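Input: a single structure, listed below in structure tokens.
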Number of protein chains: 4
Amino acid sequence: MMRADARRNRARVLEAAEVVLARDGLSASMREIASLAGVGVGTIYRQFPAKEDLYQAIVVDRMARLAALADELATAPDAGEAFFEYFTMIVEDSTVKKVLVDALAAAGIDAKAGTPDIRGAIETLLVRAQGAGAVRGDVGMAELLALLSATCLAAQHHGWDEDLRTRTLAIVFDGLRPSPATPA
Amino acid sequence: MMRADARRNRARVLEAAEVVLARDGLSASMREIASLAGVGVGTIYRQFPAKEDLYQAIVVDRMARLAALADELATAPDAGEAFFEYFTMIVEDSTVKKVLVDALAAAGIDAKAGTPDIRGAIETLLVRAQGAGAVRGDVGMAELLALLSATCLAAQHHGWDEDLRTRTLAIVFDGLRPSPATPA
Amino acid sequence: MMRADARRNRARVLEAAEVVLARDGLSASMREIASLAGVGVGTIYRQFPAKEDLYQAIVVDRMARLAALADELATAPDAGEAFFEYFTMIVEDSTVKKVLVDALAAAGIDAKAGTPDIRGAIETLLVRAQGAGAVRGDVGMAELLALLSATCLAAQHHGWDEDLRTRTLAIVFDGLRPSPATPA
Amino acid sequence: MMRADARRNRARVLEAAEVVLARDGLSASMREIASLAGVGVGTIYRQFPAKEDLYQAIVVDRMARLAALADELATAPDAGEAFFEYFTMIVEDSTVKKVLVDALAAAGIDAKAGTPDIRGAIETLLVRAQGAGAVRGDVGMAELLALLSATCLAAQHHGWDEDLRTRTLAIVFDGLRPSPATPA
DNA sequence: TATGAATGAGTGTTCATTCAT
DNA sequence: CATGAATGAACACTCATTCAT
């Protein structure tokens with residue numbers, strides 16, 4: 001029973017922390033987060049020994065959601081479409097959750113999207129897309145994650161609008177696709 | 001002429017600020033910068049009335065250097081090569097000056113490479129490369145700067161090594177180049 | 001109930017602030033006050049968001065005490081005696097709380113004894129004394145407060161001893177009393 | 001010759017210091033004073049080893065002027081008029097040079113108007129006025145200076161307008177004058 | 001257990017004072 | 001000798017973290 005309360009508190013704190021971080025950036029204060037979550041600062045410290053732990057938890061939380069999305073798309077009928085849709089959605093999401101990834105990354109936390117489980121989920125999407133001939137076979141996970149990270153970071157920093165996002169990703173996606181010709 | 005000392009101090013402060021900013025990110029303290037520069041905090045404040053002015057000065061300094069490089073390459077014989085070389089050099093430079101652009105951008109300063117003079121210099125490179133058939137004609141400045149910013153940001157955040165940088169930029173450059181085929 | 005501690009701390013801070021202000025004048029530092037109060041500087045800031053708020057609180061505190069004293073004397077049998085006794089007591093008190101009123105006044109805070117409630121209380125004393133023929137009828141509140149303020153200020157600044165205070169106030173009081181002569 | 005320059009600089013600094021002190025109060029900065037005086041801060045320090053010495057010099061300067069005024073009035077035909085005129089002028093002057101006396105006094109400098117030479121000059125005015133029957137014989141220098149200081153201080157602090165000054169001084173002067181009656 | 005008052009090191013910034021020029 | 005750049009202690013104030021309640 002007590003566990004239920006604790007879990008709810010944890011969720012409320014994480015939710016509040018995301019909101020406050022998005023709004024105030026890196027300088028968000030624990031008091032602000034606590035107050036939005038409707039708890040005392042002490043309650044946050046019970047769950048997260050230090051501010052950085054709270055940040056870490058947010059990253060993990062986000063990663064988990066992204067991994068879940070990747071898992072879902074892993075069974076989509078069109079592997080190429082699934083791959084590019086996933087890429088697009090992540091960047092789109094980053095634009096909205098502005099400042100967050102930046103804040104976390106700048107906080108010295110690795111947001112490389114390199115947490116094992118998500119890495120695996122993304123790799124599945126990549127391999128399937130390559131198998132379907134939608135992505136060049138010589139593209140590795142390292143480059144893919146680098147591009148994903150780069151576009152997310154920039155989308156957040158500069159608040160890419162939909163048009164810019166579409167046009168920029170079009171170029172990146174073109175670079176990822178196999179050369180149409182070079183036949184004969 | 002004390003002015004000589006003052007000028008040297010200004011340079012030392014800027015240098016130290018770049019280093020400390022790169023190391024500690026946005027939260028770098030004036031004291032830390034002063035101590036690395038080997039001057040008192042008051043000396044920084046004589047040149048830069050507020051912390052943000054110091055940041056601004058660094059941005060301007062950097063922009064100026066990038067613009068100068070672009071101007072230089074604007075007269076290179078191979079326009080396509082010049083364009084891609086410029087892109088590569090900037091990203092390479094960013095890797096070394098880790099966190100800096102990010103820190104500055106997050107400080108509310110526009111590091112979009114959008115300062116007029118540098119924008120013009122880059123546009124020249126782009127137009128020439130497009131004229132030489134090295135870059136697709138439908139690529140605009142907005143997308144180009146977005147990609148440049150994205151790769152710089154990511155290179156800094158994650159410390160891309162040479163191999164990763166080469167492989168990632170290869171994909172982006174491929175997306176920027178005209179489709180090789182669709183020929184007669 | 002932590003509130004008990006908080007209340008005690010507030011009182012200790014106010015007490016310490018009066019002392020330090022009296023000793024160091026306007027330039028009293030928050031650290032000094034905190035240290036004398038035996039609390040951290042943060043504790044002061046919890047109760048008083050800015051230095052000026054602390055000053056204000058002290059002024060309000062003092063005014064309240066002076067108003068209470070005036071109210072008490074308002075029902076004394078001899079109105080003239082009550083009036084002059086009040087004047088004397090305030091100046092006497094000021095001598096002890098050296099520099100305080102001055103410090104507060106110079107801080108841009110109105111210590112003119114002009115806070116509404118105290119103004120009213122003093123006016124009652126004046127009117128009653130005039131009714132009893134102990135004070136000239138043409139003396140207004142403005143002059144009275146000016147004289148009160150003047151003597152308090154000087155008593156503080158220069159540390160009037162009892163003898164000087166008595167002799168100086170005797171002159172002022174003589175000026176306030178109706179001319180003894182001009183009789184039939 | 002050099003002496004002339006030095007003397008002129010000293011005068012300019014003192015003049016500037018009075019102005020700046022009147023405007024900015026106690027927190028006036030040496031740089032501000034230097035800049036208004038049209039000299040470097042170092043030049044001030046050559047004449048006045050520390051800020052307090054500058055303040056002291058201003059006090060002395062003022063005292064000298066007040067003493068000169070007293071000397072002048074010492075030979076006026078109507079001793080009583082001279083005495084009250086002097087009192088009024090000093091208070092009036094204080095109102096204009098707002099903040100100055102306060103600033104000086106709060107700086108820990110004794111502005112008691114007790115510097116020997118001025119003390120003597122004022123005493124002459126008092127004795128002559130007493131001799132002329134314009135001031136009670138039992139008024140001593142201590143009370144007189146106390147009243148003078150008190151009214152100056154208050155006039156400055158609260159910016160007495162002409163009306164208030166006149167009415168307040170009227171009361172004080174009445175207290176200083178011999179009782180009109182008490183005759184047989 | 002949750003709370004929020006208390007803590008104090010740390011921040012950006014100012015300014016009296018010194019001293020190289 | 002005047003100058004003003006350099007210094008660094010000091011200031012008001014913030015905030016992550018602790019701990020008494």
Side-chain angles (χ1 to χ4, degrees), chain A residues 2 5-6 9 27-35 37-54, chain B residues 1-10 12-13 27-35 37-54, chain C residues 1-10 13 27-35 37-54, chain D residues 2-3 5-6 9 27-35 37-54:
Chain A
M2 219 50 130
D5 262 38
N9 269 344
S27 59
S29 84
M30 293 299 266
R31 183 166 302 166
E32 187 80 13
I33 294 170
S35 127
V39 301
V41 284
T43 304
I44 300 184
Y45 279 89
R46 171 159 298 274
Q47 302 273 353
F48 309 99
K51 202 183 184 185
E52 195 173 311
D53 297 305
L54 175 56
Chain B
M1 215 148 270
M2 179 70 94
R3 224 35 163 283
D5 265 40
R7 200 164 305 162
R8 178 157 60 192
N9 271 339
R10 189 189 159 92
R12 284 170 62 173
V13 166
S27 59
S29 89
M30 294 301 267
R31 241 179 210 74
E32 183 80 13
I33 295 170
S35 130
V39 302
V41 284
T43 302
I44 300 184
Y45 279 91
R46 168 166 289 272
Q47 305 270 356
F48 308 100
K51 201 183 184 185
E52 201 179 306
D53 296 305
L54 175 57
Chain C
M1 217 149 267
M2 179 70 94
R3 225 32 164 285
D5 264 39
R7 201 165 303 165
R8 178 157 60 194
N9 271 339
R10 188 189 160 93
V13 166
S27 59
S29 86
M30 295 299 266
R31 230 184 218 73
E32 185 78 15
I33 295 170
S35 130
V39 303
V41 284
T43 302
I44 301 185
Y45 281 92
R46 169 166 291 272
Q47 304 269 358
F48 309 100
K51 203 184 184 184
E52 200 180 309
D53 296 305
L54 176 56
Chain D
M2 219 48 131
R3 212 46 156 284
D5 264 36
N9 269 342
S27 58
S29 83
M30 294 299 267
R31 183 166 302 167
E32 186 80 13
I33 295 169
S35 127
V39 302
V41 285
T43 304
I44 300 185
Y45 278 89
R46 170 158 300 274
Q47 303 271 357
F48 310 99
K51 202 184 183 184
E52 199 177 308
D53 297 305
L54 175 57

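What you are looking at is a predicted structure, and each value in this text was computed from that prediction instead of being measured. What you see below is based on every heavy atom in this structure, not just the backbone, and it leaves out hydrogens, waters and symmetry mates.
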Whole angstrom is fine here: how far is it from CD in A:E32 over to C1' in E:dG4?
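Going from CD in A:E32 over to C1' in E:dG4 covers 16 Å.
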How close or far is atom C1' of F:dA10 from atom CD1 of C:I33, stated in whole angstroms?
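It works out to 15 Å between those atoms.
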Give C:A50 one of three labels, base, sugar-phosphate or nothing, depending on what nucleic acid heavy atoms sit under 4.0 Å from its own.
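Here C:A50 touches the backbone only, sparing every base.
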Taking any heavy-atom pair under 4.0 Å as a contact, classify B:A37: base, sugar-phosphate, or nothing.
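The residue B:A37 makes no contact with any strand.
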Side chain of [X]: nearest nucleotide among [options]?
{"X": "C:A6", "options": "E:dT11, E:dA6, F:dC13", "value": "E:dA6"}
{"X": "D:S29", "options": "E:dT17, F:dA9, E:dC15", "value": "E:dC15"}
{"X": "D:V41", "options": "E:dG4, F:dA9, E:dT18", "value": "E:dT18"}
{"X": "B:M30", "options": "E:dG12, F:dA16, E:dT17", "value": "E:dG12"}
{"X": "B:T43", "options": "E:dT3, F:dA6, E:dT18", "value": "F:dA6"}
{"X": "B:Y45", "options": "E:dG12, F:dT21, E:dA16", "value": "E:dG12"}

First encountered from the 5' end of DNA chain E, between B:P49 and C:Q47:
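Going by which nucleotide is closer to the 5' end, it is C:Q47.
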Judged by each residue's nearest nucleotide on DNA chain E, which is more toward the 5′ side, C:G42 or A:N9?
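Whichever sits nearer the 5' end wins; that is A:N9.
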For the base of E:dG10, is there a side-chain donor-acceptor partner from C:R31 under 3.5 Å away?
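Check passes, donor-acceptor contact within cut-off.
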Using heavy atoms to find the nearest nucleotide of DNA chain F for A:A28 and D:G40 separately, return the residue whose nucleotide is more 5′.
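With A:A28 and D:G40 compared, the 5'-side residue is D:G40.
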Between B:V13 and B:F48, which heavy-atom pair has the shortest distance, and what is it?
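Looks like CG1-CE1, 3.9 Å.
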Straight-line distance of C:Q47 CD to C:L54 CG, nearest 0.5 Å:
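CG of C:L54 is found 10.0 Å from CD of C:Q47.
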Interatomic distance, B:I44 atom CD1 to B:R31 atom CZ [nearest 0.5 angstrom]
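CZ of B:R31 is found 10.5 Å from CD1 of B:I44.
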Paired with E:dG4 by Watson-Crick or G-U wobble geometry, both distances under 3.5 Å: which nucleotide is it?
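Matched E:dG4 with F:dC19 under the 3.5 Å cut-off.
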